[in-house]
Colleague: 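Quick one: this structure, given as structure tokens, is what I'll be asking you about.
Just so we're on the same page: letters track the sequence lines, and every chain starts at 1. Quick caveat: nothing in here was measured; it's all calculated off a predicted structure.
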2 protein chains.
Amino acid sequence: MARTEFPAKATHAQTRAHNASLVLRALYDLGPISRAAIARLTGLTRTSVGELVAELEQDGLAQEVGRGPSTGGKAPTLVSLIDDARHMVTLDLGERTFTAALLNLRGEIQRRATRNLDGADGDAAVALVHDLIDELLAGPHSPILGIGVGTPGIVDSEGTIRWAVNLSWTDLPLGKRLAAHYNLPTVVANDSRAAAFATFLFEGEDRPTNLIAIKVGHGIGAGLVLDGQLFDGDGFGAGEIGHIVIEPDGAPCHCGRFGCLETVASVPAILRRAFFQAAESGVRIPQSIEAIAAAAAAGDELALGVVRAAGRALGMAVASLTGALDVRRIVVLGSATVLGEPWFEAIRDEARRRTLATLARDTEVVNGGPADDAVLLGTCALLLTRELGLTVRR
Amino acid sequence: MARTEFPAKATHAQTRAHNASLVLRALYDLGPISRAAIARLTGLTRTSVGELVAELEQDGLAQEVGRGPSTGGKAPTLVSLIDDARHMVTLDLGERTFTAALLNLRGEIQRRATRNLDGADGDAAVALVHDLIDELLAGPHSPILGIGVGTPGIVDSEGTIRWAVNLSWTDLPLGKRLAAHYNLPTVVANDSRAAAFATFLFEGEDRPTNLIAIKVGHGIGAGLVLDGQLFDGDGFGAGEIGHIVIEPDGAPCHCGRFGCLETVASVPAILRRAFFQAAESGVRIPQSIEAIAAAAAAGDELALGVVRAAGRALGMAVASLTGALDVRRIVVLGSATVLGEPWFEAIRDEARRRTLATLARDTEVVNGGPADDAVLLGTCALLLTRELGLTVRR
DNA sequence: CGGACTTTGTCCATAGGCTGGACAAAGAAC
DNA sequence: GTTCTTTGTCCAGCCTATGGACAAAGTCCG
């Protein structure tokens, strides 16, 4: 178990870095803004802000962009972040496809690349990762801030993938390897948690302090942003809710237990249930999650039943999360969100049924959409935090 | 919902305070220790440590206590915390009794006082609080570090009790009132969460970074210590697991729902179940939790069944906590712990049955004992953290 | 149009606090 | 007794926040 080590001492350099990140964050969140306004918002003196902005200009991260309207005195000089001052390469190592993108500081995708996995695993899969990074770095780009990788499975803070079942990776120090090979800062993180962090960071200036994002697709995983920080847990497994047991006497799960959330509420599970129900009733078997969504939207009772059952199961998980953590913003994203309102209503109903009324009243379960790029954006967000100190605590 | 405000700027004073708390913590955890050793452990220069220790001596918090053994050079001067340099008054506002104590910096109880509630609520209950504090402050004591209050119910970070059912308090700004009346720093916190923080802080030097303490008595509540900090949640309700729904078709709960954890696993619930079971079977009805524990220990199948059922229900809650948070140290404390091993085994079994094998293997469910003073110690720990900066992050 | 007032951004002297080297005191090893 | 280590303090230097002063550039009002 991780023990509390002695925290690092505080130095002047850290103080400076902290204040620099305050300025950066003001610039990032509040668009073109004057030095004086930054000083008011952050509490820093105009002197310090001036120096820090000068540093950012030196680094090519910020520039003056004209004057703003006067409020009774000298008109302010507006300073703006240069969105394309840095680029990043981030990857989403999906079930069947590896996706990569070149992003700017705003998380805007400049270029993409994909590779089909075609059953590749182990070293072959690692080769694909290099391949994608090389392809994206071959084109024109600004200085690279770092490389970000989102992957299923458990990843420690050093960037070592403890295990990722479908890629047959165990204890793969991917982070260190990529960092050494490309000589660039590298972040490797679990995909769901990366997605959660993206949802948090790109929320804009009034991001909540706490947020839980649940990604429902082939698997189910959540990321917990607590006090503005992605929470790891002791074994870097925080948010791995796919194997919470929902129906103790339910279907077997590949994890060895019965009735895990994934056996009930994941996209494959929903398809399976729809298949059996349709076969039993002798009606047409839906071939995709979209087909089920369409049928449910059209009022097909069978489809609605399947959708609602899946939603309720997820609602139980939501209830246990909100009950335990009292986090009031839950964002659900991933391919399952095409199921739309009937599904969300079931999630909300069940969550409400299982938590204190006062708590449930203030908890919002938000539809985050398919969020296909959430993982790509997530490791981007992690790089922004780690390399630029875009978010800070204290 | 709480939004991320702009974090405070960093100043030299903060840097100093941070480093001061590192020194204090070394002193607190590692007993009599030399300045040089502190410097090595914290990474601070001997110069800084010397200054900071001098400040602590100035404040009467530390003193030199002789020389240590030489390791080949000048023998180190050992410095020690003065355990009784400050005292605190802390209170545990229980169901039927208010308990208070005067504690020193080590959480050692110097004097106690209690008052029976006898149905007092509202202002009468507040009067009792004053009464207890006055009684303890009347005797001899060192300078008072602060006042700490642990209470059931939801308490915000300002020390306002949002609601506490049994005392019929709503939105009572107890913290501010006491602080103003006694002109002393005051901490008010939920009792279970205070207890959790005590369990964390008084664990000693190798306290884990994450810990969950679950208090099972008349009610059930948990406290979450995540990354060394008590986690609040958006509405200061983190850890309020007593009303997680375990049996959707179970017994009605006073909260308005059915089958909450408290209707199954709390001490009153266990007594109730034992009562009905015994009445049904026509055997002697156990009058106390201790009697049930004794019967179970003696092999009474009826009692064992009740104990195990309660344990399993708690195990479900543990599973959902560990599954979601991946926190590997769970401490269970409170009056229900007299149920002993049969109960703990049921908790562990059920938790194991419902979480990933790899996770369950490393998770320990520890018997924290009745921990009658945990709430008193908990607000003491909170005061130590808040007023002396005994624990810090970064 | 001109003077009074505001706001902005920079400059400068000051001070807080960390850094690292120097040094004496105190002990061990030979 | 000499040399080497370790400890604790002192001191000069540096980084960085602070707050006042000031010029530039506006608005507002007569």
Colleague: Just the rounded figure in Å: distance from C1' of C:dC18 to CD of B:E55.
Modeller: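 It works out to 14 Å between those atoms.
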Colleague: Select one nucleotide: of D:dT16, C:dC18, D:dG26, the one nearest the side-chain heavy atoms of A:R16.
Modeller: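 Ranking D:dT16, C:dC18, D:dG26 by closest atom to the A:R16 side chain puts D:dT16 first.
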Colleague: Please state how far atom NE2 in A:H12 lies from atom P in D:dG13, giving the value in whole angstrom units.
Modeller: 17 Å
Colleague: Spell out, as yes or no, whether a donor-acceptor pair under 3.5 Å connects the side chain of A:Y182 to the backbone of A:R177.
Modeller: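 Flag not set: sc A:Y182 to bb A:R177 has no pair under 3.5 Å.
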Colleague: Under the side chain to side chain contact (heavy atoms under 4.5 Å, CB included) criterion, do A:V53 and A:V49 qualify, and how do the steps go?
Modeller: CA-CA 6 Å; A:V53 167; A:V49 174; 4.0 Å; yes
Colleague: Set out, in order, the CA-CA distance, both residues' side-chain angles and the distance that settles side chain to side chain contact (heavy atoms under 4.5 Å, CB included) for A:D59 and A:R86, then state yes or no.
Modeller: CA-CA 10 Å; A:D59 294 341; A:R86 299 284 188 280; 4.0 Å; yes
Colleague: Could you tell me the separation between the CD atom of A:Q14 and the C1' atom of D:dT16, rounded to a whole number of Å?
Modeller: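 That distance rounds to 14 Å.
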Colleague: Picking from D:dT18, C:dT19, C:dG27, which would you name as closest to the side chain of B:S70?
Modeller: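 Minimum distance to the B:S70 side chain belongs to C:dG27.
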Colleague: Determine: side-chain N/O of B:N19 to OP1/OP2 of C:dG17, distance under 4.0 Å, yes or no.
Modeller: no
Colleague: Can B:R106 be said to sit on top of B:Y28's aromatic six-ring, NZ or CZ under 6.0 Å from centre and within 45° of the ring axis?
Modeller: yes
Colleague: Of the nucleotides D:dG8, C:dG17, C:dT19, which one has an atom closest to the side chain of B:T77?
Modeller: D:dG8
Colleague: Could you state the atom-to-atom distance from CD1 of B:I33 to C1' of D:dT6 in whole Å?
Modeller: 15 Å
Colleague: Counting only side-chain N and O atoms of A:R40, is one of them less than 4.0 Å from OP1 or OP2 of C:dT7?
Modeller: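 Looking at the OP1 and OP2 atoms of C:dT7, neither is under 4.0 Å from any side-chain N or O of A:R40.
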Colleague: If each of B:G72 and A:L44 is mapped to the nucleotide of DNA chain D with the nearest heavy atom, which maps nearer the 5' terminus, i.e. the 5' end?
Modeller: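 Closer to the 5' end of DNA chain D: B:G72.
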Colleague: Would you say a side-chain N or O of A:K9 is under 4.0 Å from OP1 or OP2 of C:dT19?
Modeller: yes
Colleague: Can you see if the side chain of A:R35 gets near the phosphate of C:dT7 - specifically, an N or O under 4.0 Å from OP1 or OP2?
Modeller: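 Result: no.
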Colleague: So which nucleotide from C:dG27, C:dC18, D:dA25 ends up closest to the side chain of A:T11?
Modeller: C:dC18
Colleague: Does B:R46 place a side-chain N or O at less than 4.0 Å from the phosphate oxygens OP1/OP2 of D:dT6?
Modeller: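 So the side-chain polar atoms of B:R46 never come under 4.0 Å of the phosphate oxygens OP1 or OP2 of D:dT6.
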Colleague: Which nucleotide in the list C:dG9, C:dG17, D:dA17 gets nearest to the side chain of B:A13?
Modeller: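 The closest nucleotide is C:dG17.
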Colleague: Using the side-chain heavy atoms of B:A75, tell me which of these nucleotides is nearest: C:dA25, C:dG27, C:dT8.
Modeller: C:dG27
Colleague: Could you tell me the separation between the NZ atom of A:K74 and the P atom of C:dT7, rounded to a whole number of Å?
Modeller: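 Rounded to whole Å, this separation is 14 Å.
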Colleague: If the test is side chain to side chain donor-acceptor pair (under 3.5 Å), which one of B:R35, B:R16, B:R46 qualifies with B:E51?
Modeller: B:R16
Colleague: Name the closest nucleotide to the B:T47 side chain, picking from C:dG17, D:dA17, C:dT19.
Modeller: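 From the listed options, C:dT19 comes nearest.
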Colleague: Let me know the distance between CZ of A:R67 and P of C:dT7, rounded to the nearest Å.
Modeller: 16 Å
Colleague: Rounded to whole Å, please give me the gap between NE2 in A:H18 and P in C:dC18.
Modeller: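 About 17 Å, once rounded to whole Å.
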Colleague: Going from CG on A:L383 to CD1 on A:I147, what distance comes out if it is rounded to the nearest 0.5 angstrom?
Modeller: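 The CD1 atom of A:I147 is 9.0 Å from CG of A:L383, to the nearest 0.5 Å.
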Colleague: Measure the distance from CG on B:L41 to C1' on D:dT7 and round it to the nearest whole Å.
Modeller: 15 Å
